[in-house]
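Working notes, structure below.
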Amino acid sequence: MTQAVPQTFDRVLSSMCTRPHPAARAAAERFLETNPGDPETYRSVARLEADVVEWLGEVTGLDRPHGYVASGGTEANVQAVRAARNRADAADPNVVAPESIHFSFQKAAEVLDVDLRTAPVDTDRRADPAAMADLVDSDTALIVGVAGTTEYGRVDPIPALADLAADADAFLHVDAAWGGFALPFTDHEWHFGHAAVDTMTIDPHKLGRAAVPAGGFLAREGATMDALAVETPYLESTSQATLTGTRSGAGVASAAAALAELWPDGYRDAFDRARANAEWVASALADRGVDVVDPVLPLVAADLPGDLFDALTERGWRLARTARGELRIVCMPHVTREMLIEFVDDLDDCR
Ligand SMILES: *Cc1c(COP(=O)(O)O)cnc(C)c1O
């Protein structure tokens, strides 16, 4: 029998995940047999998880962080909505967000039975606090901002959203699932140190270069974790705040190893390379008469005609589309300049 092999990353321009750092890969394998969902039994991985939370606090400007390593951004976003719903004093709780939020919030709203209200974004595709204010009422439990949107890599005006949350007496969640390991090297105001952010999503398994699954959920207050905790009668520990029960120790150990290797200089170098690559491919596309959305973070959207998109897909390029049908190239660490040159050569060939 032949052994199944994964795809190579040679032509992957569509993914928000990437090749794990070698140390992260090794750590994942070492910790495959551990379950941080049972921290008293699996103590060494529980200690690593505490280290990851501390590190993520450093990345996001939070001195005494609470939180855990989730299965991904989806779980972290569900938990943010759940915590706000549980802590808010609302009869019929709602969440107010820009329309640019990740689809995981739809899942959260459905599972948790909260009303998700989304407002139009501004002309630069960022959250519009005034449009969001129109949707707020006394039952608003949570305001959401995105620091690095999935489709266009936009950074919402988090301090203005914090003002909105304060006025509404609601919690503020920032979704930095993808952007969280790029933003520390920019001038954007996005984290706990920049504004009254209550909770955050930041995924080591995206730009953090950890193995899947490694998401991050962070909270400013211990009371947020208390609002998520349920009693666990037959485990050695007495309560559990995570959404999943048994969970991946490989992801936790992998995140710890990646952070130990890369924070901050390795992430900064990767960001500088990714930004230069995004700018290069954006101008290469613009030079060919393609309408390009100016990249803010290393993610390029461009209005490529459908037949060209299909022809490039035929040649093995893995490309994503925005909801509006634009080509979307995510300049992850595995995306090299050589790859992009080859991509543009193929594009010229197909035209
Ligand atoms: C990828 C992403 C998510 C979802 O994360 P998963 O790890 O895929 O569950 C949430 N929010 C944003 C902004 C993302 O880019």
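FYI, the numbering just counts along the sequence from 1. Given the structure is predicted, the values throughout are model-derived calculations rather than measurements. Just follow the structure's listing: the first ligand is 1, and inside any ligand the first atom is 1.
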* Asked: N/O of Gly72 under 3.5 Å from N/O of ligand 1, yes or no?
  -> no
* Only one of Leu308, Asp348, Leu304 passes side-chain contact (heavy atoms from CB on, under 4.5 Å) with Arg288; say which it is. => Asp348
* To do: Assign the ring pair Trp263 / Tyr267 to parallel, tilted or perpendicular, where the plane angle (0 to 90°) is split at 30° and 60°.
  => tilted
* Nearest protein heavy atom with distance in Å, relative to atom 11 (N) of ligand 1 -> Asp175 OD2, 2.6 Å
* Does Arg321 make a cation-pi contact with Phe309, if we ask for NZ or CZ under 6.0 Å from the ring centre and within 45° of the axis? -> yes
* Ser71, any N or O under 3.5 Å of ligand 1 N or O -> no
* Measuring from the heavy atoms of Glu75, does anything fall under 4.0 Å of ligand 1? -> no
* Asked: Do any nitrogen or oxygen atoms of Thr149 lie less than 3.5 angstrom from nitrogen or oxygen atoms of ligand 1?
  -> no
Show every donor-acceptor pair shorter than 3.5 Å between a side-chain atom in residues 228-235 and any protein atom, with sequence neighbours excluded, or say none if there are none.
unit_1 : atom_1 : unit_2 : atom_2 : d
Thr232 : OG1    : Ser237 : O      : 2.8
Thr232 : OG1    : Thr238 : O      : 3.1
Thr232 : OG1    : Ser239 : N      : 3.2

* Asked: With a cut-off of 4.0 Å, which atoms of ligand 1 are near a heavy atom of Met16?
  -> 15 (O)
* Asked: Polar-atom distance check: Thr150 versus ligand 1, any N or O pair below 3.5 Å?
  -> yes
* Asked: At a 4.0 Å threshold, what atoms of ligand 1 neighbour a non-hydrogen atom of Ala177?
  -> 2 (C), 3 (C), 10 (C), 11 (N), 12 (C), 14 (C)
* Do Thr149 and Tyr152 have side-chain heavy atoms sitting under 4.5 Å apart? -> yes
* **Atoms of ligand 1 close to Trp178 [distance to a heavy atom under 4.0 angstrom, numbered from 1]** => 15 (O)
* With backbone taken as N, CA, C and O and side chain as the heavy atoms from C-beta onward, which portion of Asp203 lies under 4.0 Å from ligand 1: side chain, backbone, both, or neither? -> side chain
* **4.5 Å side-chain heavy-atom contact, Arg126 and Val155** => no
* Asked: Under 4.5 Å between any side-chain heavy atoms of Ser44 and Phe31, yes or no?
  -> yes
* Any N or O of Thr74 that comes nearer than 3.5 Å to an N or O of ligand 1? -> yes
* Greater than 12 external heavy atoms within 6.0 Å of Glu314's CD -> no
* In terms of atom number and element, which parts of ligand 1 are under 4.0 angstrom from non-hydrogen atoms of Asn77? -> 10 (C), 11 (N)
* What protein heavy atom is closest to atom 1 (C) of ligand 1, reported as residue, atom name and distance in Å? -> Lys206 NZ, 1.2 Å
* **Options Glu151, His205, His102, ranked by nearest heavy atom to atom 10 (C) of ligand 1, top entry** => His102
* Flag for Glu49-Tyr42: side-chain donor and acceptor within less than 3.5 Å -> no
* If you count the atoms of ligand 1 from 1 in the order shown, which ones are under 4.0 Å from a heavy atom of Gly73? -> 4 (C), 5 (O), 6 (P), 7 (O), 9 (O)
* To do: Name all residues meeting the side chain to side chain donor-acceptor pair (under 3.5 Å) criterion together with Asp156; count only those two or more places apart in sequence or in a different chain, and write none if there are none.
  => none
